[in-house]
Amino acid sequence: MSTSLLYHAFGIIGYFYQNTRYIANAIIVAIREDQWRLRCPICRSDKVLCRGKVIRRFRTIPIGQKAVYIDLPVQRVQCSKCQAVRQVKVRFADERKGYTRVFERLVLELSRHMTIRAVARYLGVSWDLWLRKPKSAVCKSVIDCRN
């Protein structure tokens with residue numbers, strides 16, 4: 001797999017491919033962030049010190065019938081300018097989400113043609129994952145709101 005495939009298939013820009021693992025019915029793609037792109041998430045300064053990492057796993061669009069996950073070590077940084085200690089922002093997923101924006105768009109597009117339960121069964125996710133979204137986002141894309 002190449003960095004080009006990460007961009008064209010999964011919408012991931014600015015990260016480098018490391019390796020792929022195949023476990024049961026899942027494909028796990030490990031990527032890493034370019035250390036030169038690290039910025040403070042608060043003031044956007046590039047004067048940061050690395051303070052450890054935590055590996056996060058994101059669900060992305062499937063390949064065939066296999067679920068695909070992205071493993072990314074998310075760097076914690078301490079800003080020399082504002083003194084904040086935070087994790088850097090992940091550019092391909094929203095904060096506090098375990099799935100990518102491309103996966104979210106796939107679910108919303110499938111929801112136009114199938115029930116939410118059928119989409120959840122097809123993708124192998126919990127159906128209530130999408131009920132936690134703000135009503136306005138779901139209404140605009142999936143449900144005919146008559147309230």
Open item on the list: Are Ile28 and Thr20 packed together at the side-chain level, in the sense that at least one heavy-atom pair is separated by less than 4.5 angstrom?
Closed with: no

TODO: Return the minimal non-hydrogen interatomic distance between Ala93 and Arg101, and the atom names on each side.
DONE: O-NH2, 3.4 Å

Task: Arg117 side, atom CZ; Ser111 side, atom OG - distance, nearest 0.5 Å - done: 14.5 Å

Open item on the list: Do Arg76 and Gln87 pair up side chain to side chain, a donor and an acceptor below 3.5 Å, judged on atom types alone?
Closed with: no

Open item on the list: Please report the interatomic distance CD1(Ile31) to CZ(Phe58), rounded to the nearest 0.5 Å.
Closed with: 8.0 Å

TODO: Looking only at non-hydrogen atoms, find the nearest pair between Glu33 and Leu72 and report the distance.
DONE: N-CD1, 4.1 Å

- [ ] Report whether Val85 and Val90 are members of the same hydrophobic cluster (ILVMFWY, side-chain heavy atoms less than 4.5 Å apart, transitive linking).
- [x] no

Open item on the list: I'd like to know if the side chain of Arg91 reaches the main chain of Gly14, judged simply by a donor and an acceptor atom lying under 3.5 Å from each other, with no hydrogens or angles considered.
Closed with: yes

- [ ] Report yes or no: do Ile61 and Val107 belong to one cluster of Ile/Leu/Val/Met/Phe/Trp/Tyr joined by side chain heavy-atom distances under 4.5 Å?
- [x] yes

Open item on the list: I'd like to know if Arg21 and Asp71 make a salt bridge, using a cut-off of under 4.0 Å between side-chain N and carboxylate O.
Closed with: yes

Open item on the list: Determine whether the aromatic ring centres of residues Phe92 and Tyr15 are separated by less than 6.0 angstrom.
Closed with: yes

Task: Thr60 side, atom OG1; Leu106 side, atom CG - distance, nearest 0.5 Å - done: 9.0 Å

Open item on the list: Nearest 0.5 angstrom please: Arg121 CZ to Met114 CE, how far?
Closed with: 8.5 Å

Task: Student check: side-chain heavy atoms of Ile70 and Ile12 closer than 4.5 Å - done: yes

Open item on the list: In this structure, would Ile63 and Val29 fall into the same cluster of hydrophobic residues linked by side-chain contacts under 4.5 Å?
Closed with: yes

- [ ] Taking the side chain as every heavy atom from C-beta outward, state whether Leu38 and Asp46 have any pair of such atoms under 4.5 Å apart.
- [x] no

Task: Lys89 side chain near Glu95 side chain, heavy-atom distance below 4.5 Å - done: yes

Task: Val74 reachable from Leu49 in the ILVMFWY side-chain graph, under 4.5 Å edges - done: no

Task: Any Leu123 side-chain heavy atom under 4.5 Å of Pro62 side chain - done: yes

- [ ] For Val48 and Cys40, work out which heavy atoms get closest and say how close.
- [x] CG1-N, 3.7 Å

Open item on the list: Are the side chains of Leu108 and Arg105 in contact, using a 4.5 Å heavy-atom criterion?
Closed with: no

Task: Expected output: side-chain Tyr22 to main-chain Asn25 donor-acceptor under 3.5 Å - done: no

Task: Donor-acceptor contact present, side-chain Gln75 to main-chain Gly52, <3.5 Å - done: yes

- [ ] With the side chain counted from C-beta on, respond yes when Tyr122 and Leu110 share a heavy-atom pair under 4.5 Å apart, and no when they do not.
- [x] yes

Task: Closest non-hydrogen atom pair between Lys66 and Ala24, with its separation - done: NZ-O, 3.8 Å

Task: Spatial distance of atom CD1 (Ile13) from atom CG (Leu6) [nearest 0.5 Å] - done: 10.5 Å

Open item on the list: Using every non-hydrogen atom in the two residues, find where Val102 and Ala9 come nearest and quote the distance to one decimal.
Closed with: CG1-O, 4.3 Å

Open item on the list: Under 6.0 Å from the ring centre and within 45 degrees of the ring axis: does the NZ or CZ of Arg59 meet both conditions for the six-membered ring of Tyr99?
Closed with: no

- [ ] Indicate yes or no: at least one non-hydrogen side-chain atom of Ser45 is less than 4.5 angstrom from one of Ser80.
- [x] no

Open item on the list: Could you measure the distance from the CG atom of Leu5 to the CZ atom of Phe10? Nearest 0.5 Å is fine.
Closed with: 6.0 Å

